[in-house]
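To keep things clear, I will list the structure first and then write my remarks on it.
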Number of protein chains: 2
Amino acid sequence: MPLTTRATSRAHGGVQGVHSHASTTTGTDMEFSVFVPDHAPGAKLPVVWYLSGLTCTQANVTEKGEFRAACAEHGLILVAPDTSPRGDGVPDDPQGAYDFGLGAGFYLDATQAPFDRHYRMKTYIEDELPGLVGEHFPADLSRQSIMGHSMGGHGALTISLRNPGRFRATSAFAPIVAPSEVPWGQKALSGYLGDDREAWAQYDTCQLIEAGARLPEILVDQGLSDGFLEDQLRPGLLEDACAKAGIDLTLRMQDGYDHSYFFISSFMAEHLAWHAARLNA
Amino acid sequence: MPLTTRATSRAHGGVQGVHSHASTTTGTDMEFSVFVPDHAPGAKLPVVWYLSGLTCTQANVTEKGEFRAACAEHGLILVAPDTSPRGDGVPDDPQGAYDFGLGAGFYLDATQAPFDRHYRMKTYIEDELPGLVGEHFPADLSRQSIMGHSMGGHGALTISLRNPGRFRATSAFAPIVAPSEVPWGQKALSGYLGDDREAWAQYDTCQLIEAGARLPEILVDQGLSDGFLEDQLRPGLLEDACAKAGIDLTLRMQDGYDHSYFFISSFMAEHLAWHAARLNA
């Protein structure tokens with residue numbers, strides 16, 4: 001699968017690149033960023049997937065995530081995909097809202113027209129992009145982990161729960177944990193999947209856990225001054241689900257922190273150290 | 001002097017704020033950012049000034065500079081001003097070029113109409129803003145240091161050279177060191193100050209040193225893949241001037257690094273540790 005490198009910059013003793021390719025899954029050009037630390041010739045490095053939140057492209061975390069120093073220290077590749085298909089012919093929210101359509105793919109495969117043609121972020125992230133990364137970068141795909149923010153935290157948790165054993169570590173910043181129960185999720189799941197709630201279950205972290213999906217452990221940081229905490233994020237629902245299922249959840253409520261990259265970047269190095277301990281074990 | 005707080009976010013165990021005020025120096029509203037680490041009640045912390053380059057506002061370094069972890073570790077306040085006056089009635093480059101006018105104040109006090117009314121960044125940075133910061137933040141102004149990038153490196157070096165003893169540390173990323181000799185500088189100095197080159201000398205690092213200005217030491221990082229290296233930056237001229245003057249210059253040529261914030265953020269923690277060693281001594 002060919003790949004076009006849009007830009008590279010040396011950073012923190014590695015290379016930060018932005019790349020694009022013609023995705024067969026979404027039928028669009030997709031852009032993503034990859035940080036590769038310096039490494040011995042022929043060496044393969046573990047891969048951390050970072051999934052972004054509503055309105056983001058790869059650029060938000062690439063510019064503001066403060067992940068490169070920790071990735072260089074621990075020898076981790078970090079891949080940051082886009083959050084939706086984009087381009088001519090890709091339908092958006094009819095009202096142009098930020099929480100559906102462009103920038104809001106919710107890491108699912110849509111079944112409802114007109115979104116079903118391009119909005120296939122589940123298959124893109126689970127199947128197509130790993131193949132491309134394995135082909136073009138010094139990636140050891142036997143050692144992967146996944147993390148994300150908000151909608152991307154939802155993506156990280158649901159993808160990891162549906163693919164047991166694939167990721168050695170799973171963590172999230174302020175994730176949407178029960179999309180079936182909150183306005184962002186209800187709008188997205190009904191719009192992309194229709195009104196049959198059974199179709200929503202594979203894209204709902206709490207429902208996946210209730211249905212038997214398991215991870216050995218999960219790390220979540222959540223800011224207590226996050227304006228979306230009560231209405232959209234509701235980490236207590238994840239806490240309850242994990243308690244019932246016996247999943248070792250570390251949920252850290254961070255006093256004073258909001259929903260922004262100022263919050264994410266503050267705890268990024270700790271998340272990456274936690275991932276590295278599991279990826280390099 | 002009143003100050004309006006536009007936004008605050010908790011970050012890295014401190015508070016990142018964006019503030020504005022009606023500047024009596026520039027006759028405009030000026031915006032700047034301040035990071036204040038956690039500190040004991042009543043404690044005063046040293047202040048690092050970060051001056052940005054062409055086209056930037058306070059936001060570039062605030063979002064991409066990766067300075068907060070190091071500032072929190074060392075107990076440093078970091079202040080990031082804007083690079084020019086802005087707003088109704090502030091004249092811009094006649095052709096709207098990026099290297100003159102808005103975003104390109106060059107840290108000087110203009111003498112040429114129509115720029116002389118608002119473009120007074122020298123007095124703003126040297127006199128007005130320190131007073132405001134001392135009034136509104138827990139800043140120990142007996143312990144200040146200064147750094148900057150590109151045009152802001154020029155600002156940091158010239159301001160420090162003109163104010164001996166004020167800054168305990170002075171460093172720069174890819175600074176303009178001899179504006180009188182390079183296209184960016186010649187355009188700016190002639191446009192703001194007129195064609196009399198004697199008026200330019202106080203805004204030219206190499207000329208200030210040749211005229212007798214001294215600093216005990218200077219730290220400079222410069223990327224070898226910086227596209228502006230040969231035409232605009234010319235660090236060899238600073239090296240020559242410092243060698244003749246007996247100034248202890250540490251000039252680190254960084255293989256593969258460009259002019260972007262990927263470069264700056266890679267070495268920010270090292271600069272701040274170097275500043276902290278002098279500010280906390």
- Message: Below 4.5 Å, heavy-atom pairs only: which of B:A11, B:G65, B:S225, B:A269 has the largest tally toward chain A?
- Response: B:A11
- Query: With a cut-off of 6.0 Å (strictly less than), are more than 12 heavy atoms of other residues, nucleotides or ligands near CG of A:D248?
  - Reply: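 Yes, CG of A:D248 has more than 12 neighbouring heavy atoms, counting only those of other groups under 6.0 Å.
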- Could you look at B:Y257 and say if it's the side chain, the backbone, both or neither that has a heavy atom under 4.5 Å from chain A? both
- Which region of B:S260, side chain (C-beta onward) or backbone (N, CA, C, O), has a non-hydrogen atom less than 4.5 Å from a non-hydrogen atom of chain A, or is it both or neither?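 Looking at B:S260, just its side chain touches chain A.
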Roughly how far apart are [X] [atom1] and [Y] [atom2], rounded to 0.5 Å?
{"X": "A:K64", "Y": "B:K64", "atom1": "NZ", "atom2": "NZ", "answer": "9.0 Å"}
{"X": "B:R10", "Y": "A:L224", "atom1": "CZ", "atom2": "CG", "answer": "11.0 Å"}
{"X": "B:D258", "Y": "A:Q16", "atom1": "CG", "atom2": "CD", "answer": "11.5 Å"}
{"X": "B:E66", "Y": "A:R68", "atom1": "CD", "atom2": "CZ", "answer": "5.5 Å"}

- Message: Applying side chain to side chain contact (heavy atoms under 4.5 Å, CB included) to A:F262 and B:T62, what does each step give before you reach the verdict?
- Response: CA-CA 10 Å; A:F262 294 116; B:T62 304; 4.2 Å; yes
- Is it the side chain or the backbone of A:S265 that comes within 4.5 Å of chain B heavy atoms, both, or neither? both
